[in-house]
There are 4 protein chains.
Amino acid sequence: MVAKASIRTYSVDSDLVARRRQQIAVGAARVLVKKAFDATTVREIAKACGMSPGTIYHYIGSKEDIIDLVLSHGEAHYKPFFEKADVYLKMLNATQALKQAIEDYYRKVDSRQDFLLFCYQEAKNMSPRQLGTLLDWDRSVVDVFRRLLDKGCASGEFVIDDVRLVANRIVSDSAMWVVRRWFLRKHCTLEEYIDQEIQFILRAISRDKGVYNEG
Amino acid sequence: MVAKASIRTYSVDSDLVARRRQQIAVGAARVLVKKAFDATTVREIAKACGMSPGTIYHYIGSKEDIIDLVLSHGEAHYKPFFEKADVYLKMLNATQALKQAIEDYYRKVDSRQDFLLFCYQEAKNMSPRQLGTLLDWDRSVVDVFRRLLDKGCASGEFVIDDVRLVANRIVSDSAMWVVRRWFLRKHCTLEEYIDQEIQFILRAISRDKGVYNEG
Amino acid sequence: MVAKASIRTYSVDSDLVARRRQQIAVGAARVLVKKAFDATTVREIAKACGMSPGTIYHYIGSKEDIIDLVLSHGEAHYKPFFEKADVYLKMLNATQALKQAIEDYYRKVDSRQDFLLFCYQEAKNMSPRQLGTLLDWDRSVVDVFRRLLDKGCASGEFVIDDVRLVANRIVSDSAMWVVRRWFLRKHCTLEEYIDQEIQFILRAISRDKGVYNEG
Amino acid sequence: MVAKASIRTYSVDSDLVARRRQQIAVGAARVLVKKAFDATTVREIAKACGMSPGTIYHYIGSKEDIIDLVLSHGEAHYKPFFEKADVYLKMLNATQALKQAIEDYYRKVDSRQDFLLFCYQEAKNMSPRQLGTLLDWDRSVVDVFRRLLDKGCASGEFVIDDVRLVANRIVSDSAMWVVRRWFLRKHCTLEEYIDQEIQFILRAISRDKGVYNEG
DNA sequence: CATGAATGAGGTTTCATTCAT
DNA sequence: TATGAATGAAACCTCATTCAT
């Protein structure tokens, strides 16, 4: 799903390389929450990783590669969600499955806000390849919800005009929790936000207009 | 509404200053759609404005000031919308008013996508003051919809738990039309997107569950 | 003869560009007599040119381009020699012509020793293209002497086994005046070196074994 | 003849030190044929030696010391030539002795071209001490030929104006076989080059103008 | 003894900003 | 007023050298 670019390294110890790159991804993410990628110096990133600028270049080929590391690391955080996709699909009640998936996904998003923020704010600094990686990943998420919605339509629980658009909306809104956090954080908690999202979606797609009140 | 910072200039002809700054804002916006602010050189911006780098500095104090110009210019684009706010409020039917306001606002957003993109992608490059300006502006937009929703609640047309959250959602979704355009543009037109938005919102807030189908 | 590479510049004033590049070539040559190209920093070269490091990069694309400038400028120094080639060929006495050509060329070499030193010592730092330029130039010089020798053979003044080798030797020996200057400078003057060269060559190629004593 | 600088080492096993330094000299020479010393990293040299960068530093004090090793090793290659010098001097026929010496020396040069190339191209990167070592060595070679020429003059076989210059010319021309190999290699073999050299020299210095044809 | 990961000084290069014209 | 050449600070990146293993 995620095409991992082959990044230059001077080391042959692939374990160490993996460990250091993880370290770089984590450190970089920490700094990049506050400052734009371009405005952040390699020195700053190195310091946040507990490395010297020279060391960082033993594990990457150029500053740009740090974007790849951050993306890879961020996406890895969602692996459990993707692995659970089949579980949602096997649930008898599509409504319950959707509720569960939304809640799980939104909690994932919330627990690694730096990643989504990075994706939305640094898109313009990314190479076409990096952007492609990102869009592929996004589509994968949308697809999980799309399949859930499809199943609900098939079972008659949902009535939906354009399944893709609704799936997109669910993903959009999760991003908004992060991107517009300065607004939302003042007015509601994550739980409230999730509840509202579920209500909005279910009201819009449920055949039986009362069902969404039971959850 | 928007606190215009006082930017240094060497000129005394305030008309010329205004004209040149408009020119800069327009030119800069054109370049900044494609490249991040930090990755864009003053030379590039100057060329896009049809000026020399030296001339630009007769009308700004530093590169950062260009952000202010772009923001001011972008916000000015929404002036008609704000001026029409009272019209919406005076409409008898809150549902119709809301529909109208959403449609008007979304069209405004669509016609100057570069501005919203700039706001969301360059937030990290902005100074606290600039960010404040931006948030103030955002709140103003949300407020327009909040007042519309309040009125609908008062008249009994709407039943809303948290008016702020719904208003925020309307504004959020307009931003998503721009920020996730790479997804949406493939799957629906602006008109379809607006229709879906109106349906989602009305289904969620209307007392009379059928009303939103009539629009 | 010399393929001038197109080097990046930020200026459009081609006169200024030419002037500044000349300035760079001269300054660089002055520093590069003493230190290897790689061991010389751009800052040092800039200072020797009376420019700032930033300014130098308005007229070149990379440090490597300085090699081109030095080569171009060095070769230009030999333009008068090439232009005089026809004069030598039109002289009735091939022996006199050869003597004259050798003397002229060796004096040229002596008056810009830095250039030949640069060519022989930096060859390994040059790109294939630059090396090609250099070899082309070298061949041009050899060719001048080759044609003179050919003419002497045709007129019966010279008897030569391999004209190319003799021409090459003349050029080689001129380089040696520079490359082994630490030896030669202690033991002879340029005039003596030229005389010896002429004697060596004429003794080796003259049909009439006495002729070279008359010169 | 060659003052071997004392190079730092961490080892006490002087046999091992000698062996490793030989290894370094050979490996370095192999790499330095293609790339300038400054442009070659210690890592590359280490790899060419089959060592790690760390190991190299157990046997040298700094990268610069590698120049010393290469010089020492290269000069050692000429030891047999120097040892044979007395043999040449004891030959009855100076002309034959000179012919033999030239041929032997030129073959030596040809069989280790990398060394001469290194000497001529890296001179600017050498410290004064290293350059001194090199010039001393060069003078030693010139001296061998000088003594041969002196003897020929004494015996009446040669008539020479400036013995030093002729000796220098013999050595110069051997260097040219390497330094201008890109030209010569296309036009003649080593044997032809040696023959031409012997002819040039003998024609220039022989009392009996016919003698050189007999060889 | 051998290794190669880590370091950080210093090199090349870019670019916001100034200022003479 | 407008220009664009010049500046130099600071960024990215390399690599000689050290040192724990």
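We name chains A, B, ... by the order of the sequence lines, and we start the count at 1 in each one. Nothing here was measured: the structure is a model prediction, and the numbers come from that model.
Between C/Y10 atom OH and E/dT14 atom P there is a gap of 5 Å when expressed in whole angstrom units. One atom, CD1 of D/I56, and another, C1' of F/dA16, lie 11 Å apart when rounded to the nearest Å. The separation between A/R43 atom CZ and F/dC13 atom P is 13 Å, rounded to whole Å. C/D65 has its CG atom 11 Å from the P atom of E/dT14, to the nearest Å. If you measure from atom CD1 of B/I24 to atom P of F/dT1, you get 14 Å, rounded to the nearest angstrom. Note: CZ (C/R21) to P (F/dA6) measures 13 Å, nearest angstrom. Atom CD in C/E44 sits roughly 13 Å away from atom C1' in E/dT12 (whole-Å rounding). We find that CD of A/E64 is positioned 9 Å from P of F/dC13, with the value rounded to whole Å.
Mapped onto DNA chain E by nearest heavy atom, D/G54 and A/G54 fall at different nucleotides, with D/G54 at the one closer to the 5' end. Projected onto DNA chain F by closest heavy-atom contact, C/S11 and D/G61 fall at different nucleotides, the more 5' of which corresponds to C/S11. Residue D/H58 is the one, among D/H58 and A/M51, whose nearest nucleotide of DNA chain E lies closer to the 5' end (criterion: closest heavy atom).
For the pair C/R112 and C/D114, the salt-bridge criterion is met [side-chain N within less than 4.0 Å of a carboxylate O].
When each of E/dC15, F/dC13, E/dA2 is scored by its nearest atom to the side-chain atoms of A/S62, the top-ranked nucleotide is F/dC13. Taking the side chain of B/L16 as heavy atoms from C-beta on, and the options E/dA5, F/dT1, F/dG4, the nearest nucleotide is F/dT1. Of the listed nucleotides (E/dA16, F/dT17, E/dA6), E/dA16 has the atom at the smallest distance from the side chain of B/V42. The side chain of B/K63 lies closest to E/dA16 when the candidates are E/dT7, E/dA16, F/dT7.
Contact annotation for B/T9: no contact, since no heavy-atom pair falls under 4.0 Å across all strands.
OP1 and OP2 of E/dG4 both lie 4.0 Å or more from every side-chain N or O belonging to A/R20. The phosphate of F/dA6 has OP1 or OP2 within less than 4.0 Å of a side-chain N or O from C/Y59. Between D/R8 and F/dT17 there is no side-chain N or O to OP1 or OP2 distance below 4.0 Å. Phosphate proximity of F/dC15 to D/T41: absent, as no side-chain N or O sits under 4.0 Å from OP1 or OP2. OP1 or OP2 of E/dT7 has at least one side-chain nitrogen or oxygen of A/S52 nearer than 4.0 Å. Between B/Y57 and the phosphate of E/dT17, there is a side-chain N or O to OP1/OP2 separation shorter than 4.0 Å. The side chain of A/T55 contributes no N or O atom lying less than 4.0 Å from OP1 or OP2 of E/dA5.
At most 12 heavy atoms of other shown residues, nucleotides or ligands fall within 6.0 angstrom of atom NZ in D/K47. Heavy atoms of other residues, nucleotides or ligands lying less than 6.0 angstrom from CZ of B/R8 number more than 12.
Between the side chains of D/R20 and D/Q23, a donor-acceptor pair is found at a separation under 3.5 Å.
At distances below 3.5 Å, at least one donor-acceptor pair connects side-chain atoms of D/Q130 with backbone N or O atoms of D/E64. The backbone N or O of D/A39 sits nowhere less than 3.5 Å from a side-chain atom of C/K124 that would complete a donor-acceptor pair.
With a 3.5 Å ceiling on both atom-pair distances, the Watson-Crick or G-U wobble partner of E/dT3 is F/dA20.
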